[in-house]
Amino acid sequence: MYFANFWLGKLSIHQLPTNRITQGGAIMMVLIVLAILAYVTYVKKWRYLWNEWITTMDAKKIGIMYIIVAIAMLLRGGSDAALLRLQQATSVGASHGVLPASTFQQIFSAHGTIMIFFVGMGLMFGVINLILPVMLGSRDVAFPFLNSVSFWLFAGGMVLVNLSLVIGQFSNAGWLAYPPLSELRFSPSVGVDYWIWSLQIAGVGSLMSGINFISTILKNRAQGMTLMKMPMFAWSVLGSMSLVVFAFPILTVTLALLALDRTMGTHFFTAGGGGNMMMYVNLIWAWGHPEVYILVLPAFGVFSEVVPTFSRKRLFGYTSMVLAIWAIVLLSFTVWLHHFFTMGAGANVNAFFGIMTMVIAIPTGVKIFNWLFTMYQGRIRLKTPMYWFLGFVVIFTIGGMAGVLMSVPPVDFQLHNSLFLVAHFHMMIVGGVLFGLFSGLIYWLPKVLGFRLNERLGRYSFWFWLVGFLTAFTPLYVLGLMGATRRLDHYSAATGWQPLFILAGFGVVLIGIGLGLQILQLIYSILTRHALMDTTGDPWDGRTLEWSVPSPIPFYNYAILPTVSSKDPFWAKKHPTEQPALEIVQDNQPAYKDIVLPKNSGLGVLIAGFAFLFAFAMVWHIIWLDIVGVLGVIITLIIRSTDEHTEYTIPAQEVAELDRNYRLERAEV
């Protein structure tokens with residue numbers, strides 16, 4: 001027995017799923033993974049994947065991998081949401097629905113965790129990697145190897161979350177794991193440990209990305225691009241990543257303290273041992289509310305690029321938009337306590353945080369009005385990215401008004417633990433974050449892939465998302481006012497709630513159709529890419545630097561680094577009579593120079609692999625594997641730090657030839 005415990009820790013055959021729905025999900029996931037592995041083996045693409053993707057340092061390819069993982073997790077998180085709605089629509093009176101109570105709570109916890117950490121964050125980092133360096137006139141991010149490690153840590157956290165479906169179970173303590181529910185006494189299984197360590201390694205990756213993107217923005221801008229000439233998307237990323245750098249260490253420490261409570265017998269959060277549960281709640285929301293703006297600021301940045309492009313006007317109120325970003329950054333750290341007005345902080349404290357919650361709505365309102373003023377008297381083209389913007393305005397405004405309503409402590413006392421809050425939160429995150437990132441993907445993917453996405457399928461998917469979302473979450477406002485609480489898996493028939501839950505479930509079906517149409521849009525566009533090919537490099541008549549290079553973007557981004565003299569440099573070059581012209585250093589004889597780029601490296605995925613082993617071992621208390629994981633990370637870092645051959649050079653003559661051939665190929669297409 002001791003021998004087995006030494007090698008396997010708490011692992012045993014009894015940890016396999018026993019619930020039929022969980023078994024079905026686990027089997028389906030395993031079959032999908034095996035099918036992918038078999039297909040890659042059959043077409044003999046392992047060497048290609050290793051050389052071109054797994055070891056890549058190209059930010060654009062890393063961005064695509066982020067997006068692929070995020071879309072896969074969107075399918076998983078969406079499936080969880082459908083199960084939750086099915087349970088709530090059928091578990092009434094004598095019927096107890098399709099899910100046991102414990103499974104429902106695990107799915108609830110997994111849905112929130114996946115959608116925030118592995119869908120929202122994944123899409124955000126994906127879009128930033130795709131476009132930020134080329135938008136700034138740079139060839140790469142500041143630290144390419146760190147970028148690779150960040151992604152693979154994110155992917156490792158994703159694998160750990162999904163592994164809980166196959167062996168063990170996930171947390172049933174909610175997506176933020178409040179003590180005492182998440183303490184060992186009330187959650188003795190490994191579910192909370194899966195939650196802690198998946199977020200821990202993914203969170204470290206996010207922190208690294210924050211440092212990387214801040215450095216890129218501050219040090220890798222094109223010549224002449226002062227801070228006040230940066231595209232608004234870059235400003236929004238700078239604000240978001242500043243929040244990452246200040247907020248994610250709080251999450252790291254909080255998770256570490258909870259892990260110590262569960263594994264080492266400490267009592268940071270156990271009231272019976274002298275700890276304080278409210279310290280956990282304060283810490284988790286001191287990270288949690290800035291996290292909302294970490295996600296939404298880049299989406300705001302997307303709209304600040306999309307709206308001027310499709311209105312054919314300069315962004316209205318550039319300076320006020322910059323100030324609004326930094327007002328949001330600063331104020332986001334002054335509102336966390338509104339998440340627990342009901343926990344006895346006192347009237348004076350509640351009043352302060354209620355007022356600050358109302359105040360933070362002001363810079364957000366400034367942004368929305370600036371976008372609307374940008375559209376005013378513009379020559380608006382209603383392409384798919386603009387549809388997502390207009391849908392955002394509708395949903396985000398409704399959700400924002402509900403948020404201001406709940407900023408009043410007496411109102412929050414009645415609504416805080418109800419589905420009213422669930423509806424508000426989803427309208428802010430989905431209507432704000434996902435709609436913004438969908439808009440950005442459709443806007444920038446032609447630049448990265450070299451072909452546009454099908455417009456008709458894009459519009460169809462938008463309408464299903466919009467109508468489905470309003471149908472799914474508007475009833476929750478009503479249910480919340482009627483007294484329906486969060487995490488509710490069964491209720492009495494006398495409440496009369498079932499018709500509204502059924503309506504909400506129908507809305508989820510419509511969203512699912514919209515998501516399916518998005519996937520169909522991508523597949524159909526790939527199959528018909530020759531007809532949708534972007535031969536100009538500027539399919540939307542863009543304004544910023546990324547549209548000045550061919551589509552798809554060359555692996556070196558720029559053969560000649562640009563020089564900037566205005567806020568909309570590419571637009572200025574195309575329309576020199578409207579504003580001071582941009583010089584892209586395109587003389588009769590372009591001054592090509594040697595280009596230095598990072599070599600591909602498998603050490604990033606190796607570091608993340610060892611970190612994953614460490615996290616898995618911490619979940620299952622396998623001490624020897626913990627040691628292997630830690631030593632593996634340390635040794636791999638030492639190997640990387642002593643490697644003096646991490647870059648390669650493309651000679652100027654070869655750069656010139658590559659550039660001419662690249663442009664000639666696109667022109668012939």
Side-chain angles (χ1 to χ4, degrees), residues 78 81 85 112 115-116 119-120 289 292-293 295-297 299-300 302-304 306-307 324 328 331-332 335 338-339 354 357-373 375 382 385-408 411-412 414-439 461-484 486 497 499-501 503-511 514-515:
R85 285 289 170 263
M115 295 301 287
I116 293 295
V119 176
H289 201 86
V292 174
Y293 294 103
L295 292 171
V296 84
L297 280 175
F300 287 171
V302 169
F303 293 136
S304 295
V306 166
V307 173
I328 289 171
L331 290 171
S332 68
V335 296
H338 70 217
H339 290 275
T357 303
M358 297 176 195
V359 169
I360 203 172
I362 295 173
T364 305
V366 167
K367 286 183 164 296
I368 291 178
F369 280 111
N370 279 2
W371 293 321
L372 296 178
F373 283 131
M375 295 173 64
L382 280 179
M386 278 294 283
Y387 277 95
W388 288 105
F389 165 71
L390 295 173
F392 152 81
V393 171
V394 173
I395 291 178
F396 199 80
T397 301
I398 295 172
M401 289 190 296
V404 172
L405 177 65
M406 288 191 296
S407 70
V408 181
V411 175
D412 188 75
Q414 298 299 317
L415 299 176
H416 184 82
N417 199 39
S418 75
L419 290 179
F420 190 96
L421 177 61
V422 174
H424 156 70
F425 182 75
H426 280 79
M427 285 197 166
M428 303 303 285
I429 294 298
V430 178
V433 177
L434 282 190
F435 277 33
L437 296 176
F438 289 160
S439 178
S461 68
F462 162 77
W463 284 113
F464 272 102
W465 264 94
L466 181 66
V467 175
F469 192 82
L470 292 172
T471 306
F473 289 98
T474 303
L476 300 194
Y477 282 121
V478 181
L479 284 164
L481 292 171
M482 294 172 70
R486 296 183 286 174
W497 295 343
L500 289 171
F501 274 119
L503 182 60
F506 177 67
V508 172
V509 172
L510 294 179
I511 293 173
L515 178 58

Q) Looking just at side-chain N and O atoms, do H338 and T357 make a donor-acceptor pair shorter than 3.5 Å? A) yes

Q. Any side-chain heavy atom of R486 within less than 4.5 Å of one from F425?
A. no

Q. How many angstroms lie between atom OG1 of T397 and atom CD1 of I368, to the nearest 0.5 angstrom?
A. 4.5 Å

Q. Which distance, rounded to the nearest 0.5 Å, do you find between the CE of M401 and the CE of M406?
A. 12.5 Å

Q: Mind checking the CG-CG spacing from L372 to L390? Nearest 0.5 Å is all I need.
A: 9.0 Å

Q) Quick one: OG on S304 to CG on N370, what's the gap to the nearest 0.5 Å? A) 8.5 Å

Q. Just wondering, do V433 and M428 contact through their side chains at under 4.5 Å, heavy atoms?
A. no

(Q) ring-ring contact (aromatic ring centres under 6.0 Å, His included), that's the test. Do F303 and W388 meet it? Break it down for me. (A) CA-CA 9 Å; F303 293 136; W388 288 105; 9.8 Å; no

(Q) Please find the pair of heavy atoms, one from A324 and one from V366, that lie closest to each other, and give the distance. (A) CB-CG1, 4.4 Å

Q) Does the separation of the ring centres of F435 and Y387 fall below 6.0 angstrom? A) no

(Q) For the backbone of P385 and the side chain of S439, can you confirm whether one donor and one acceptor N or O come within less than 3.5 Å of each other? (A) yes

**Q.** Shortest non-hydrogen separation from S332 to V335 and the atoms involved
**A.** O-CG2, 3.6 Å

Q. Do I429 and L434 have side chains that get closer than 4.5 Å, going by heavy atoms?
A. no

Q: Using the side chain to side chain contact (heavy atoms under 4.5 Å, CB included) rule, take L415 and L421 through it: C-alpha gap first, then chi angles, then the decisive distance, then the call.
A: CA-CA 7 Å; L415 299 176; L421 177 61; over 6 Å; no

Q. Does some side-chain heavy atom of M115 sit less than 4.5 Å from a side-chain heavy atom of V430?
A. no

Q. For the ring pair F420 and H416, is the centre-to-centre distance below 6.0 Å?
A. no

Q.
Ring-plane angle category for F469 and F473, please: parallel below 30°, perpendicular beyond 60°, tilted otherwise.
A. tilted

Q) What distance do I511 atom CD1 and L466 atom CG have between them, rounded to the nearest 0.5 Å? A) 10.0 Å

Q. Is the ring centre of W371 less than 6.0 Å from the ring centre of F392?
A. yes

Q: Using a 4.5 Å cut-off on heavy atoms from C-beta on, say whether the side chain of T474 contacts that of M427.
A: yes

(Q) Are the side chains of I116 and L295 in contact, using a 4.5 Å heavy-atom criterion? (A) yes

(Q) Evaluate F396 against F389 for ring-ring contact (aromatic ring centres under 6.0 Å, His included), listing each step before the verdict. (A) CA-CA 10 Å; F396 199 80; F389 165 71; over 10 Å; no

**Q.** Partner of L510 by side-chain contact (heavy atoms from CB on, under 4.5 Å), out of L515, L470, V467
**A.** V467

Q. What distance do L297 atom CG and K367 atom NZ have between them, rounded to the nearest 0.5 Å?
A. 7.0 Å

Q. Quick one: side chain to side chain donor-acceptor pair (under 3.5 Å) partners of H424, sequence neighbours excluded?
A. none

(Q) Test side chain to side chain contact (heavy atoms under 4.5 Å, CB included) on L476 and L479; report intermediate values, then the result. (A) CA-CA 5 Å; L476 300 194; L479 284 164; 3.8 Å; yes

